[in-house]
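Let me begin by presenting the structure, written as structure tokens, before commenting on it.
Per chain, numbering begins at 1; letters A, B, ... match sequence-line order.
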Amino acid sequence: MAVRLFHRMAARSAPAVFVCIGPRMQALVEGLFARAQSRRMESPAGAAILLVAGDIPRRAAVALDRIHDQIPPPRETVHWDGCDDPMTELLAAWARLMAGESGEPDRLPDDPPNPWKGHGDHGQGGEGMMGGVPYGRPMAMTGEDPRDGLKLDAYTMRVGPFAPMLPPGLVLELTLQGDLIASARVTEAPFPQPEDANAPRACAARLLRLLGLGPQADRLLRGTAPRSLNAVRALPVGLGAAGTGGDARTRLRGWLEGKPAEGPPPDIPRLLEGREWHEAVVLLNSWPPDTIRQAAEAAR
Amino acid sequence: MSHLVTVAAIAAFAFAVSAALARPLPATAPQAAPFFGGGSAETHAWQRYHFRAYTMTLVFIAFEMEMMFMYPWAVVFVAEGGKAMAEMGMFLGILAIGLLYGWREGVFRWQ
């Protein structure tokens, strides 16, 4: 009895959605979550529904499957082509999940990327902290630290194409030491997006959301004029200064005043190297997606 | 005593029942991997990195211990008066010299 009451109450809450944005869908998805009663989660761990917006190109198919499997079961997938309103489908999927349906099975095999093999009776490891392949991944080895010369472990990973803080489609191969980006390489450029994703309002809302000012970003996307420009103080002066275009703060102020950003596309690897991760993410969002796309095409 | 045992038994039973009911499903290989927006990592996440807040943490612990000395001192202070005041002043003075030294060495600079 009580359990059923809990199910009914859970079904009335806003659906927790992780969204994978394909070509030509960025502005539509952002508008949807600014208006609709649904929560856009920042990682699949908190979501129950995978919203696939647009046609995902073949090169991103494995990434999509990986994200699908990273949503803890029970889970469901909803496809959206941008024509009708997906809310009815999202709510129906949410109601099914909350009623206790088992959802979709995994798409990828339940195998580690490499066999977990090493020294020891059970193949448990190597020598000391080095060597061994725990969970199918080798241990990180030391590399030169560009900041203070300490030899720390270098961690190489590919982020994207559906990282919620990066332009959809962008894949970066980063070598991190702690939170410091030691080297960066553009593997794939962002998906093409129509002009509405580059509108000053949309760009400002994206950057504000990243700075933790979600309600302000929603108001901007719903068409309310910004009440004040105080939000630009969340960005330090001089971050991302690039030639004639000014720094990130200048670009955000311009967007809030309704002016499109100007200036040449940045050199992405040089822009990111030596930065901390949070700086890198703010920087990549301080240019319109189209400019980042040109920069990524040039750097690939 | 018997009440305590009863409460402990009830708590243990409740924990056991809730653990049995809310047992999470075992994580599959994709779920055990870190989330990189669809990307993957080449190495295991266990790594040595520079913990940049280390010196600040040590200074914090030092001053926290100083506060612990001040609690018994506050009790004695009522009876002792000016003498206790002078003693605590010397103690804080020595600590302040250490603080100034650390400042000069740049341990409070985020690096």
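Between the CG atom of A:Leu152 and the CD atom of B:Gln47 there is a distance of 9.0 Å, given to the nearest 0.5 Å.
Contacts of A:Ile71 with chain B are made by backbone atoms alone, with heavy-atom separations under 4.5 Å and no side-chain atom involved. For A:Pro164, the part lying near chain B is the side chain, with the backbone staying farther off; criterion is any non-hydrogen pair under 4.5 Å. Contact annotation for A:Pro113: neither backbone nor side-chain heavy atoms come within less than 4.5 Å of a heavy atom of chain B. Both the backbone and the side chain of A:Val159 come within contact range of chain B, each with at least one heavy atom under 4.5 Å from a heavy atom of that chain. Of the atoms belonging to A:Asp111, it is backbone heavy atoms, and not side-chain ones, that fall under 4.5 Å from chain B.
The environment of B:Phe63 atom CZ is dense: over 12 non-hydrogen atoms of other residues, nucleotides or ligands sit within 6.0 angstrom. Taking a 6.0 Å sphere around CD of A:Glu42, one finds it holds 12 or fewer heavy atoms contributed by other residues, nucleotides or ligands.
Between A:Phe162 and B:Phe36, a ring centre-to-centre spacing not shorter than 6.0 Å is recorded.
Looking only at distances, no side-chain donor or acceptor of A:Asp110 sits under 3.5 Å from a matching main-chain atom of B:Thr28.
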CA sep, side-chain torsions, deciding dist, call: B:Thr43, A:Arg137, side chain to side chain contact (heavy atoms under 4.5 Å, CB included): CA-CA 5 Å; B:Thr43 51; A:Arg137 286 192 170 80; 5.6 Å; no
Side chain to side chain contact (heavy atoms under 4.5 Å, CB included) evaluation trace for B:Trp46 with A:Tyr155: CA-CA 9 Å; B:Trp46 188 12; A:Tyr155 183 68; over 6 Å; no
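Contact tally against chain A (heavy-atom pairs below 4.5 Å) for B:Ala45, B:Ser40, B:Pro30: the top residue is B:Ser40. Ranked by non-hydrogen atom pairs under 4.5 Å with chain B, the options A:Met165, A:Lys151, A:Arg158 are led by A:Arg158.
Counting heavy atoms from C-beta on, the side chains of A:Thr142 and B:Arg48 come closer than 4.5 Å. B:Pro34 places none of its side-chain heavy atoms less than 4.5 Å from the side chain of A:Gln70.
Contact between A:Met157 and B:Ala41 at its shortest, heavy atoms only, is CB-CA, 3.9 Å.
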